[in-house]
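Encoded as structure tokens, the structure appears first; notes follow it.
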Amino acid sequence: MRVYQFAKQMKVSPKYIVEVCEKIGIKGKTFVSGLKDNEISAIKEYIKKSKLSGKPIVSTGTETVGEIASKLGIPAADIIKQLSDIGVTAAINDRIGPDNIKKLCESIGVVVEFKKTKESYLLGGVVEEEKDLVPRAPVVTVMGHVDHGKTTILDYIRKSNVAAREYGQITQKIGAYRVNLKEGSIVFIDTPGHEIFTAMRARGAKVTDIVVLVVAADEGVKMQTLEAIDHCKAAGVPIIVAINKIDKPNANPDVVKKQLSEHGIIPEEWGGQNVFLNVSGVTGANIKELLEIILLMGEMMELKANPKRPGEGVVLEAFLHKQKGPVINLLVQNGTVNTGDFFVCGTAWGKVRAMFDENGNKLEKAGPSTPVELLGANSVATPGDLFRVVASEADARKIAEQKIEELKQSGIKEQKVLTLEDLQRQIVQGTLKELKIILKTDSIGSQEAIKASIEKISQSSSEKNGPTVNLIHCGLGAISESDILLAVCSQSVIFGYNIGIDAKAEKLAKQHGIEIKIYRLVYDLIEDVKNALEGMTKPKEVEVMVGQALVKQVFKIGKNQSVAGCLVVDGKAVRDAKVKIVRDGKFVFEGFLTSLKRFKNSVREVATNTECGIGIEGFNDFQQGDIIQIYQRVTEGVQT
């Protein structure tokens, strides 16, 4: 019996058997040497007396077949055969991964222990274990209406005059700041508005653990306050309300509480789930209590990360600096980023040349919940891009190039959100339990009427155990980019009543494949909601060309009136149908076919290869050779 075969039988490593042979005087044995019966008995007796089972081999999970063979003390050819026996085909320089290494060792009776290294993490050879996780600082986003004091509160916390350096006292770009306290650390993200918060989520980046909603005690709830609330609710992020400017003589915190409670943000003392604090960014009143509550909430949420693994995070901001080149403002979320690491984020890639904290201090490494300014990217990244450390420059370049190609192939389209047609299918399949709607209207009055009708329909559907309606956000005015991003993140349908769409929002909607429904009649909007819940959305009406007629002669029948003698060359001509006149390949007029005659008789329609007289409302400039295209609105799937 060969040494490694005997080792498998004894469930020890071949190397251990060779060591035993040396100890008991059986000289010159290798891993493939044969053992005689008396030698086998002697080895068994020694193992029995020493009560040893052999040391386990240590693996990172990233070794090649040749490296595993060396650790096991078995020829690589035998390892390749053994792998084949367990259904794994591999060559000597192939990495087989931790699962196959474990199966191999079990098949030859050797215990294996896995050691976590940077390389094993990068090559996917590690399963995250609870013991590797350590508490991390909570990440807090500060939101609220413009000029309600978001940056002033952060200014007081940081003890640095950030607000005074910013134009008009209004935050101009994203900043992230780590605040170290005796009780723990907090990372604050100061954003210009909820649009950035939702844009990041639309790109797959979950940045925030907690939101501090700042509301001025002297002004109360504003439109941007409500929008921020709806975006936070859609993200499922807990909200702490900071009623700011209580130092002002006209401050009225109770009014703010009442206003917010009407929108589902109810104080704990009123039986709700939200913490409310009266604060002042100027005097510092209750700022310490705010920080304590954030730390307590973070502790209750059991926020953890693994600092031993390679760094991962999200791009908060990116720009091109004249001296520094492409700059990335990064929030490290998990693992550790080191100077010299190769990385990829979106379509950008590079090597970490240098890192700085928010105060400009140079860093050699940055762990979980650490905001840094990072240099070394080959191009400017996009806010919301996911950042991760990779094994090599080649890997970084390859991943970025694949991302660029994917964007080209997809036409930069993101995941499509629900349309009414999608909803119909999901309702029929029984997979949809809630219809999420973003509603924009022209006035408060119409909004309240539509909301009341929708709630009534939802209640009726609920009583029949059907899906219900969740109004994610209701607002006034044109549909904006913020609405589109919210729809992407919350998987909502956008309904508009008597309003338009911003040009940028329309472009963004096309990029994300979002269908926006605009209505002029409340009845139509309500009917579509009702039909969607019932799984019977109205068939879509489309405009199709049903015929073409060639102008062969022009007849003047009055001073400013003429008709065209035509031959229907395709399809049919239909009275009262919409028409387009084509001349020399260009559209010269759109209108309606108001007169259609055969000889002297008025007719409803004329078939192919039939001559007729055509009159078009508001058009008298017929020319021989003109093509009259006839259009009708038809229901999709219905033959005309």
Side-chain angles (χ1 to χ4, degrees), residues 221-224 226-227 229-231 233-234 259 262-264 417-428 432-464 466-488 490-503 505-506 508-510 512 514-543 578 632-636 638:
V221 172
K222 297 290 186 180
M223 186 59 68
Q224 287 181 5
L226 297 179
E227 289 183 357
I229 290 170
D230 290 337
H231 285 242
K233 285 181 177 179
Q259 289 173 336
E262 292 171 356
H263 296 276
V417 298
L418 295 176
T419 65
L420 286 183
E421 287 74 19
D422 296 326
L423 295 172
Q424 178 184 4
R425 184 177 62 255
Q426 293 191 27
I427 291 170
V428 171
L432 183 71
K433 300 300 180 186
E434 184 180 64
L435 167 58
K436 297 176 181 177
I437 292 177
I438 294 170
L439 176 65
K440 298 298 287 287
T441 64
D442 59 344
S443 68
I444 287 289
S446 58
Q447 185 179 112
E448 291 302 321
I450 292 169
K451 282 173 63 178
S453 297
I454 288 176
E455 286 166 4
K456 187 176 179 180
I457 294 169
S458 179
Q459 178 66 29
S460 176
S461 179
S462 176
E463 290 171 357
K464 299 174 185 176
T468 57
V469 177
N470 180 2
L471 284 167
I472 294 292
H473 173 63
C474 295
L476 301 178
I479 292 168
S480 66
E481 290 178 279
S482 176
D483 298 320
I484 305 299
L485 293 169
L486 182 56
V488 173
S490 61
Q491 290 284 282
S492 302
V493 177
I494 300 179
F495 284 173
Y497 173 70
N498 267 347
I499 47 92
I501 308 171
D502 290 344
E506 191 167 15
L508 188 63
K510 288 179 180 177
H512 288 275
I514 295 176
E515 181 184 34
I516 300 170
K517 294 278 190 177
I518 302 293
Y519 299 86
R520 299 301 172 205
L521 297 174
V522 172
Y523 173 81
D524 289 340
L525 188 156
I526 298 303
E527 276 297 295
D528 268 3
V529 173
K530 184 178 179 181
N531 290 333
L533 289 183
E534 292 175 354
M536 299 183 300
T537 43
K538 288 197 293 187
K540 193 175 182 180
E541 282 195 343
V542 294
E543 190 177 85
K578 183 177 180 180
Q632 283 187 313
R633 293 191 67 80
V634 300
T635 301
E636 278 189 337
V638 178

### Under the salt bridge (Lys or Arg N to Asp or Glu O under 4.0 Å) test, residues paired with Lys578 that sit two or more places apart
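Partners of Lys578 under the salt bridge (Lys or Arg N to Asp or Glu O under 4.0 Å) test: Glu543, Glu590.
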[Y] and [X], any side-chain heavy atoms less than 4.5 Å apart:
X	Y	answer
His231	Ser482	yes
Ile526	Ile454	yes
Leu508	Asp502	no
Ile484	Ile494	yes
Ile479	Ile518	yes

Quick one: pull up [atom1] in [X] and [atom2] in [Y] and give me the separation to the nearest 0.5 Å.
X	Y	atom1	atom2	answer
Ile438	Leu486	CD1	CG	4.0 Å
Asp524	Arg520	CG	CZ	11.5 Å
Lys530	Ser453	NZ	OG	11.0 Å
Glu527	Leu521	CD	CG	11.5 Å
Leu476	Tyr497	CG	OH	13.0 Å

Give the minimum heavy-atom separation between [X] and [Y], together with the two atoms involved.
X	Y	value
Gly496	Ile499	CA-CD1, 3.8 Å
Ser461	Pro467	OG-O, 2.5 Å
Ile229	His263	CG2-O, 4.4 Å
Tyr519	Leu525	CD2-N, 3.5 Å

### Donor-acceptor contact present, side-chain Lys517 to main-chain Phe495, <3.5 Å
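Absent.
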### Query
Does any N or O in the side chain of Asp483 come within less than 3.5 Å of the main-chain N or O of Ser480, such that one atom is a donor and the other an acceptor?
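Answer holds: yes.
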### Query
Excluding sequence neighbours, so at least two apart, what forms side-chain contact (heavy atoms from CB on, under 4.5 Å) with Lys451?
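Per chain and number, Lys451 pairs via side-chain contact (heavy atoms from CB on, under 4.5 Å) with Leu439, Gln447, Glu448, Glu455, Leu471, Cys474.
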### Task
Using the side-chain contact (heavy atoms from CB on, under 4.5 Å) rule, pick out the option among Val529, Ile437, Asn470, Thr468 that qualifies with Ser458.
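Only one of Val529, Ile437, Asn470, Thr468 forms a side-chain contact (heavy atoms from CB on, under 4.5 Å) with Ser458, namely Thr468.
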